[in-house]
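Take a look at the structure set out below.
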Amino acid sequence: MAASLLWLLLVLALHLLLWGPAPLMTVHAMPPQPPVQCNDSGCILYNSYGAWNDRKDCHVTNVTYPSTEEELRLAVAHANQNRLKVKVVSRFSHTIPKLACPGSEHVNSLLISTANYGAGIEIDKANLAVTADAGVGLRELINKVEEAGLSLVAAPYWEGVSIGGLISIGAHGSSWWGKGGAVHDHVIGLNLIVPAKESEGYAKVIRIGPQDPLLNAAKVSLGVLGVISKVKLSLEPAFKRSVTYNFTDDNHVEDIYMDHGKKHEFADITWYPSRHVAVYRYDDRVPLNASGDGVYDFLGFQANSILVSKATRATEKSFESSKNVNGKCTLAATFVAAKKLVANGLKNGLFFTGYPVVGHQGKMQTSGSCLYSPKERIDVSCAWDPRINGLFFYESTAIFPASKFGDFLRDVKKLRDIKPENFCGVDIYNGFLIRFVKASQAYLGQSEDSVVLDFNYYRASDPSTPRLNQDVWEEVEQMAFFKYGAKPHWAKNRNLAFTDVQPKYPNFSKFLAAKKQLDPQNMFTSDWSDEILSGKGSAKGDGCALEGQCICSEDSHCSPQNGYFCRQGLVYTEARVCRYSSSSSSSSQCELQAASERGEVGGGRSGGTRQAGEQGSGVVVGGT
């Protein structure tokens, strides 16, 4: 069965990679469903992947859809007057942690959707700036800016985000040049709606300019300071980019990553550890009159055949259940070869014909063609759409001080070299994506030049089901966040990544002071935002380590009935991971060590007990 599925998958995948479902601008796909779903019994907020970290639904008491800034202010005023908890969601809802959830179904709350608040885009050519409503989509903004002969320099690789949402969680591209690759570092002003006294109408709009000290708090705010209504971004005269991918061996990647980031304005690296392959992106701006009209239509964000997405998931699921590591390695080898053949989605026109690919900044900086679709076409979709039972996986994103990243890579190579095939699971997706983010003044941004690591890996449909080689990814995860002190991306990661997060941000106290000033009654906080900001978890439970709700300290936190026991890491020995063993013996030594070392490896983070058997679907293949 697995062999026939694999053959079908490879034939279909290669056909899709070589010919595509249609040219970039005419792809028709099943559009993503709205994140808020309501029926007679109430409303539920979903993220676009169909499952939150804890697998529990987010019930919402009230939902409103303002279309103007004044309507937005009135919504906040109503919530303040009636003591409601408030959160904001865009029409995309791509956040993995539950930051947009206002509370449990027993909490009186108001969810504000900006889905209808996206009409305002004002371009100031003389001052090289654009002001946009918070609900404006990134693609709409980029198109308007490019039409005016200007360019937005920084953008995340995934364009399915709103302007207000992307700056709130620190979304970024890749650059150490100029103002850097994080979009919030190009913010020069914003409007924020906050609670107010009765005499002020219970809510007011405050306008935060470039010299206002509140800007450093507000431009990466996680939605806990107030409701962003407008964002002002700096622009530059329009330019083009020239991109070449160099697929080569991974020798010395740990020594040359920094030079690569400094040499090319929009550099990145994709590392496929099981294949011993590193892909260096040579990406630089070129003059507007340079020849070329290319586009970057990243493969992971293209509209995929639903049949291919389902076959991919079924094949990987079969390999998981049979513990077929070699099958995963065959998939990884095929996918990496196919990506090389079609330049990972770069196109000189309708197809990729050779390097370099030169195109306008607006067509090269971000992608997400699976988003755009008339409802009548339902045979292709985003690969992670929860309605199709397609791809379903985790996304871990760690942000390192640049000087520490080389030692991290050396440790990962040591772990890889023990048994390289154990790393095939990550190479089925996008390997390790390495990007560069410049030091920021934002209190919840990066305090120094940093390197960002993204990696995706299989997530079981049933939260009580352990995963093949899950100990490998748990060790890499703990190595990143605890041994090397990496910061978690605010909109990604499993819950354990946020353990003890406050000390990692030198200006965290300034952010909390701004929060107290703007929202003294904690109207914009929730259990989940408090949990992430505090970096503290609740009590552990059986199986809590399987989905990253805790770090195991005893076998019951893993799945001993399925042969997964709590063990120490192989390279980072302070890590505590769930490792498969055919022996039924308990890891009592590990349990004793973990009890005494818990503080050294990040504490016993837990997200509570999950409900076995709940279904969901995956996360974006790639980085935001």
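- Relative to the six-membered ring of Y505, K487 meets both conditions, a distance below 6.0 Å and an angle of at most 45° to the axis.
- On the SG-SG cut-off of under 2.5 Å, C578 and C552 do not qualify.
- Side-chain polar atoms of K515 and N522 form a donor-acceptor pair below 3.5 angstrom.
- Geometric assessment of R275 against the ring of F432 yields a negative cation-pi assignment under the 6.0 Å and 45° thresholds.
- Residues that satisfy the side chain to side chain donor-acceptor pair (under 3.5 Å) test with Y580, not counting sequence neighbours, are absent from this structure.
- Side-chain polar atoms of T525 and K85 form a donor-acceptor pair below 3.5 angstrom.
- Between the side chain of K438 and the main chain of G181, no donor-acceptor pair closer than 3.5 Å is present.
- Checked against the 6.0 Å centroid criterion, the rings of F405 and Y257 qualify as a close aromatic pair.
- Side-chain contact check for E474 and Q470: at least one donor-acceptor pair (N or O, by modelled atom type) lies under 3.5 Å.
- C566 does not pair with C558 as a disulfide, the SG atoms being 2.5 Å or more apart.
- Across F400, F482, F481, Y572, a single residue satisfies ring pair (Phe, Tyr, Trp, His ring centres under 6.0 Å) together with F408, and that is F400.
- T315 places a side-chain N or O within 3.5 Å of a backbone atom of A311 that can act as its donor or acceptor partner.
- Relative to the six-membered ring of Y564, R467 misses at least one condition, a distance below 6.0 Å or an angle of at most 45° to the axis.
- Cation-pi geometry between K328 and F423 is not satisfied (NZ or CZ under 6.0 Å from the ring centre, within 45° of the ring normal).
- Panel note: side chain N493, backbone A497; no donor-acceptor pair is recorded below 3.5 Å.
- Ring-centre distance between W384 and F392: not below the 6.0 Å cut-off.
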